[in-house]
Structure formats: structure tokens, C-alpha cells
Amino acid sequence: MRTRFAPSPTGEPHVGNIRTAVFAWLFARNNNGSFIIRVEDTDQARSVEGATDSILQSLSWLGVDWDEGPDKGGEYGPYIQSERQKQGIYSKAVETLIDSNQAYYCSCSTERLDKLRKTQIKSSKPPGYDGHCRTKNINQLPAELKSQVVRFAMPKSGVTEVSDTIRGTIKFENALIDDFVILKSDGFPTYHLANVVDDHAMKISHVIRAEEWLPSLPRHINLYNALGFDPPIFAHVPIILAPDRTKLSKRHGATSIKEFRSKGYLASAMLNFLCLLGWSLDDKTEIFTVKELIEFFSIERVSKSSAIFDNKKLEWMNGHYIREFEQSKLIGNLKKYWTDFPVSTFDIEPTTSKLEAVVPLIKDRIKTLEEAAPMINFLFSETLSYDPEMLIQKKMDYKSTLYALNEVLPVINEINPFNANNIEDNLRLLADKLSIKPGQLFGTLRIAATGQRVSPPLFESLEIIGKDKTVESISLAVQKLNSHGDIN
RNA sequence: GCUCCCAUCGUCUAGUGGCCAAGGACACCGCCCUUUCAAGGCGGAGAUCACGGGUUCGAAUCCCGUUGGGAGUACCA
């Protein structure tokens, strides 16, 4: 059992493509088969430098591994079509087809083709090549017009019947399919030819690809037949839609794996979420480890209909994974994330010991790795910047706030040991003494110590900040408030 | 236009003729917990299973049609 992922290196891999790759990979792993990566770069103009690396990186990041591919070779290499083209793999197939009258040279100009298409559309006929060169003897053509492109001679009648693992039997009327190009004038094969030749050469047993290929399936089947190959088993998985119900694309915001990674999504959550888009095990399970995905995945349980990419659910799932993470693993992930995507506001290196103290306070509060830094900025930034006005809580004023702050200072100084419990006890006592609500006092202190309205739990945070630094920032708050008061 | 695919709460889905006056999850709303924000707990609202015909004792599940959506229609993949 051998499956493949055949991306074309045209840019950052898109979640839809990756999801298809993941399905093919899971299917192979579930069946103890091989997963192969083949780069389809037969469109010279659209090939982008470095795109193959991005695709491979995104896959590895997710935990997808492959047995044969452009970077590691294999028995059926090379795994890049432009290299296979140089070896004459495709032209050999073309020759076979021409020799058996199942393909022919076509010298029609783009102008003629355009004109043809226009008149067909105008007379509401399906656009397609009219077979103009099909019956021409190539030797009668002027030399300079020879060998422009090669077209496949589709059977003119009959029905091509194929069975798709997900969709069942599908029938196509041959007469409705035109003689498509298999070899371009630059000598490169088109996708149609290349994928058939290579899937056969690489002994791919199951072709798992996106639904958008379904309409060209009869072309491929006829190509297999013409070449005398046994076609593989096909499974066309549904495509992923954006919230506007059209094919997910760049204009819908983040769509590449790399973008999600930069936004602080976890590989495990991403993989889990992607699998649930179009596949399910039962009526309740939705959190899966990689091992479980491999164990439980089956192509028959892939749904037929396309799914909308729900960012909210991804967020929830990512948060779930963060909450379930082992402490050390979360810290490791955060550090790696900050190395890959540095935090500009950090000017103190987050040490493991500091992180071990603070991570338990934030793990229930973040949905992505990206959200961690702003939340604990007060620990790793030299200066807190906030509007002094924020120190003044509801039903408090400048004077009472200043008074409270000044009263806090000696209390804090007295707390020994300086731990969360002691801090809480003493501060509650103080609030009582000052006849203000605990929440009012805590709110002011929260701003003074963290510079944020929303922060991890106050007392635990103060403990981590330490007595000295706490006193320092409260004094600073007093100063800020004083100068602020002067202005008013 | 033509060809093909698809159709269950807003979203992802369970469901393969009786266990479904349709179950779970996200999102949403309320309550509890509470130093902020989360997390968590409890509860709620939300789907005449796109519509119309059949078949059947019985249909979300099978058949036909309609409508809607999507994809394809290139010397792109």
C-alpha cells in the first residue's frame, strides 16, 4: 500500500492541501504502507524558489513523516518532476501514445483556440478543443509548425465509469471530454500526463487527493488505459471552505500552516483540528493523539461534503491542548516559539525557573502561545507603561487611591515570608482597615504591579515578582499618580 | 452555459429503515465559583434532518425530481 502527496511548489502550503496530505499520510500509516512526496513542478513559470522547503517544513512541523521524497530519495526517484522530465520519462510515454494513435501533435495557435472558445461560449456550447489536428497527418504540416503540443485522443463515445472510495461509482460521458494537452510546447508534460505516469512508475496504490480533481478523473482513467496501466484506487476528499463558502484562499486571512504557527498554534492541536475537518471517529470523540489518529483513521469515514474552516473551534482546541500540556512541555514550546518569533517587549530573558513559577498561572488563560507574552510582560520587561488614570478604580478618586497606595507600602514590607497566602491575608486586612472593597485595592495594585487591567492572579503574581520589585513598582505608581495629579 | 460532486442546529459533525418528537463539540445566553481575566461546574436556547413526490407497516436514512451550494471547464496544478 503506497500513497502520495504531490504538491506543486508555488508558495506557502495552504491548510487545505496539508489536510489532504495528512489524510493520505494517515491512511498509509494506518495500513502499514508507505507515504511518498513528489514535487510537481512542471509549470516552470509558477514554480517558486524555496516553496518545496516550506511545504516539507510545514509537514514535519505537524509531525507528518515520509518514506520517500525529494529530500531523502528512494527506490522510485527522482521525486521532482522537472528532474524526471530530463530523464525522458514523460516523452517516452508520449511516444507510446502517438505510436498507438492515442495522441497526436497539434499546431493550433492560441489565437485559433481563443476564437474557438469564444464562439463556443457564445453559442452556449461547452468550450473545448474541437479536434482540428486529430486527423491531420503530421507530415503534411509546414516544418515550423510541427510539434507544438501533443494532445490525447479521447475516445469519442462511450462512458468512463470509475469507483471512488468516498463517493462510489461516477460516470462520465466520453464525448463531452475534449482532447486535452498532455505535452506542452516547452517539452514539459501537463499535470494530467505526469501524475498518471508517475503514480504508475512509483507504484502508488491509492491516490488520495482533493475533490477539485474529480472532474479530470475520466481523463486520467483513459490515460491509464491508453498506456496499458492499471489505475490505482481513488479517493477524492472534500475541500475546505472559508466562512463565505468559497474555496479557502489568501484573502480569507491566515491560511498557511506557517501563519498558524506564527500565531502560536500548536502542531498537535493543528493536526487534530485539521483531521476533524472532514473526518470523524464517532459521535463524541474529538481529541486525538497522533498515535490514535493513525490507529483510528479510515478513508471510509471521510465525509463527502466540504467543511468550513472554523477558527473559533481551532482556538478552543489549541487552548485545550495548552491546558492539558505537561508543564515542562509547555515551557519548551513557549521558548521555542519565542525563539522563532521573538517578543519585542521582552528585555529580560525568561528563565526556566521564572517560567516554572508563572506558567501555571497562565496556562488556563491562553488559547495560543502568542497570548502568553503580553500576559506576563511585567516579569520580563524593565519598565511598565500604563496610564496613571488606570490606577484609580471604580468609586475611588485620585486622593483615596494615592492614600491606599501609600498605606500598602509598609504592609508589603512587613510580609514575611512573601508568599501568595500571606500577601492575600495582609491585603484583605488592609482593605478592611481602609474601608474600601478588596476588589478596589486589588485592582489598583494589579495595575501598579503588572501595568495591566487583566493579569494572572494578583497574589501569586506578586510573589513571583518578589517583594523588592513589588515595592519598587508601587512607589513608581505613587510617583506617577503624583505627577498626574499635578497636571490635573 | 455545460460536466461532476454535495446537502442534519450559525459552524464541525453522529446517524447506513424502527433504539431519533435527532446525540456530541465549538460559538452563544444564564447561573455557580471568583481579586481582574480565564478555566471549571450546572442549566438553556438553537435542526419541521433544503424542498416536493414516491417506496415501505415504518425514512434524516432507499428512489425520482426541484432548489441551493461547491468544484471543474487552460500549453495551472
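Reminder, nothing fancy here: chain letters follow the sequence lines and each chain counts from 1.
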*Hunt down the Watson-Crick or G-U wobble partner of B:C26, both distances under 3.5 Å, from any strand shown, or write none.*
B:G10
*A:L276 versus A:F288: any side-chain heavy-atom pair under 4.5 Å?*
yes
*Interatomic distance, A:K304 NZ vs B:U16 P [rounded to whole Å]*: 13 Å
_Heavy atoms only, 4.0 Å cut-off, all strands: where does A:I170 land among base, sugar-phosphate and nothing?_
sugar-phosphate
*Determine the contact category for A:E460: base if any of its heavy atoms lies under 4.0 Å from a base atom, sugar-phosphate if only primed atoms, P, OP1 or OP2 are that close, otherwise nothing.*
base
*Between the main-chain N or O of A:W213 and the side-chain N or O of A:S216, is there a donor-acceptor pair closer than 3.5 Å?*
yes
*Quick one: do A:Q81 and A:D198 satisfy side chain to side chain donor-acceptor pair (under 3.5 Å)? Show the steps, please.*
CA-CA 9 Å; A:Q81 287 185 332; A:D198 286 344; 2.8 Å; yes
*Indicate, with a heavy-atom threshold strictly under 4.0 Å, whether A:R151 touches base, sugar-phosphate, or nothing.*
sugar-phosphate
*asked:* Any salt bridge linking A:K313 with A:D310? Criterion: basic side-chain nitrogen under 4.0 Å from a carboxylate oxygen.
replied: no
*Look at the rings of A:F309 and A:F260 and say which category their plane angle falls in: under 30° parallel, 30 to 60° tilted, over 60° perpendicular.*
tilted
*Is it true that a side-chain atom of A:E315 and a backbone atom of A:T368 form a donor plus acceptor pair closer than 3.5 Å?*
no
*B:G15 P sits how many Å from A:K284 NZ, rounded?*
12 Å
*The side chain of A:K313 lies closest to which of these nucleotides: B:U36, B:G24, B:A27?*
B:G24
*A:L217 near the nucleic acid: base, sugar-phosphate alone, or nothing, with a heavy-atom cut-off under 4.0 Å?*
nothing
*Taking the side chain of A:R365 as heavy atoms from C-beta outward, which of B:U36, B:C26, B:C4 is closest to it?*
B:U36
*Could you give the distance separating B:A71 and B:C12 at their P atoms, to the nearest angstrom?*
15 Å
*asked:* Please pick, from B:A77, B:U36, B:A27, the nucleotide with the shortest atom-to-atom distance to any side-chain atom of A:V454.
replied: B:U36
*How is A:G319 classified with respect to the nucleic acid when contacts are heavy atoms under 4.0 Å: base, sugar-phosphate, or nothing?*
nothing
_Minimum-distance nucleotide (side-chain atoms of A:L458 versus B:U35, B:U13, B:A71)_ = B:U35
*Is any side-chain N or O of A:R301 closer than 4.0 Å to OP1 or OP2 of B:G15?*
yes
*Pick base, sugar-phosphate or nothing for A:K363, based on heavy-atom distances below 4.0 Å to the nucleic acid.*
nothing
*Minimum-distance nucleotide to A:I308 side chain [options: B:U11, B:A38, B:U13]*: B:U11
_Please name the nucleotide paired to B:C2 by Watson-Crick or G-U wobble geometry with both distances under 3.5 Å, or report none._
B:G72
*Answer yes or no: does a side-chain N or O of A:R117 lie under 4.0 Å from OP1 or OP2 of B:A74?*
yes
_Short N-O contact, A:R365 and A:E371, less than 4.0 angstrom_ = no
*Would you say B:C76 has OP1 or OP2 under 4.0 Å from some side-chain N or O of A:K184?*
yes
*In whole Å, what separates the C1' atom of B:A21 from that of B:C5?*
33 Å
_Can you identify which nucleotide, out of B:A71, B:A25, B:U11, has its nearest atom closest to the A:P215 side chain?_
B:A71
_Could you identify the nucleotide paired to B:C31, looking across every strand shown and requiring Watson-Crick or G-U wobble geometry with both distances under 3.5 Å?_
B:G41
*Taking the C1' atom of each, how far is B:U11 from B:A77, in whole Å?*
30 Å
_d(NE2, A:H236; P, B:U3) in whole Å_ = 19 Å
*Taking N and O atoms by type only, does the side chain of A:R446 place a donor or acceptor under 3.5 Å from a partner on the base of B:U35?*
yes
*A:R167 side chain vs A:K304 backbone, donor-acceptor pair below 3.5 Å*: yes
*Given B:G72, is OP1 or OP2 found less than 4.0 Å from the side-chain N or O atoms of A:K247?*
yes
*Looking across every strand, which nucleic acid part, if any, lies under 4.0 Å from A:R209 by heavy atom: base, sugar-phosphate, or nothing?*
nothing
*Using the benzene-type ring in the case of Trp, are the ring centres of A:W279 and A:F23 under 6.0 Å apart?*
no
*With a non-hydrogen cut-off below 4.0 angstrom, is A:R323 in contact with a base, only sugar-phosphate, or nothing?*
sugar-phosphate
*Taking any strand in view, what nucleotide pairs with B:U36 in a Watson-Crick or G-U wobble way, both distances under 3.5 Å?*
none
_Sugar-phosphate only, base, or nothing, as touched by A:S216 at under 4.0 Å among non-hydrogen atoms_ = nothing
*asked:* Within the 4.0 Å heavy-atom criterion, would you say A:F172 contacts the bases, only the backbone, or no part of the nucleic acid?
replied: sugar-phosphate
*Do A:S185 and B:C75 have a side chain to base donor-acceptor pair shorter than 3.5 Å?*
yes
*Rounded to whole angstroms, how far apart are CD1 on A:I447 and C1' on B:C37?*
12 Å
_Residue whose nearest RNA chain B nucleotide is more 5′ - A:Y191 or A:D282_ = A:D282
_The side chain of A:D283 is closest to which nucleotide in this list: B:G10, B:A14, B:C5?_
B:A14
_Passing option when A:H236 is tested against A:R209, A:E211, A:E212 for side chain to side chain donor-acceptor pair (under 3.5 Å)_ = A:R209
*Measure from CD1 on A:I362 to P on B:A38 and round the result to the nearest Å.*
16 Å
*How is A:P218 classified with respect to the nucleic acid when contacts are heavy atoms under 4.0 Å: base, sugar-phosphate, or nothing?*
nothing
_Whichever of A:R46 and A:L241 has its nearest RNA chain B nucleotide further upstream toward 5'_ = A:L241
*Pairwise P distance, B:A60 and B:A50 [rounded to whole Å]*: 10 Å
_Short side-chain N/O contact from A:S280 to OP1 or OP2 of B:C12, under 4.0 Å_ = no
*Rounded to whole angstroms, how far apart are CG on A:L274 and C1' on B:U13?*
16 Å
*Measure from the side-chain heavy atoms of A:R167 and tell me the nearest of B:G70, B:C5, B:A74.*
B:C5
*If we take the C1' atom in both B:U61 and B:U16, what is their distance in whole Å?*
6 Å
*Using the C1' atoms only, state how far B:A47 lies from B:A25, rounded to an integer number of Å.*
16 Å
*Would you indicate what A:T42 reaches in the nucleic acid, counting non-hydrogen atoms under 4.0 angstrom: base, sugar-phosphate, or nothing?*
sugar-phosphate
*If you look at every strand shown and take non-hydrogen atoms under 4.0 Å, does A:P438 touch a base, only sugar-phosphate, or nothing?*
nothing
*For atom P, what is the distance between B:U13 and B:C20, given to the nearest Å?*
23 Å
*Across all strands shown, which nucleotide pairs with B:C51 by Watson-Crick or G-U wobble geometry, both distances under 3.5 Å?*
B:G65
*Identify whether any heavy atom of A:S305 sits under 4.0 Å from a base atom; if not, whether one sits that close to sugar-phosphate; answer base, sugar-phosphate or nothing.*
sugar-phosphate
_If I take atom CD in residue A:E286 and atom P in nucleotide B:A27, what distance separates them, rounded to the nearest angstrom?_
11 Å
_Inter-nucleotide C1' distance (B:G18, B:C62), Å rounded_ = 15 Å
*Please give, in whole Å, the distance from B:A77 P to A:L193 CG?*
11 Å
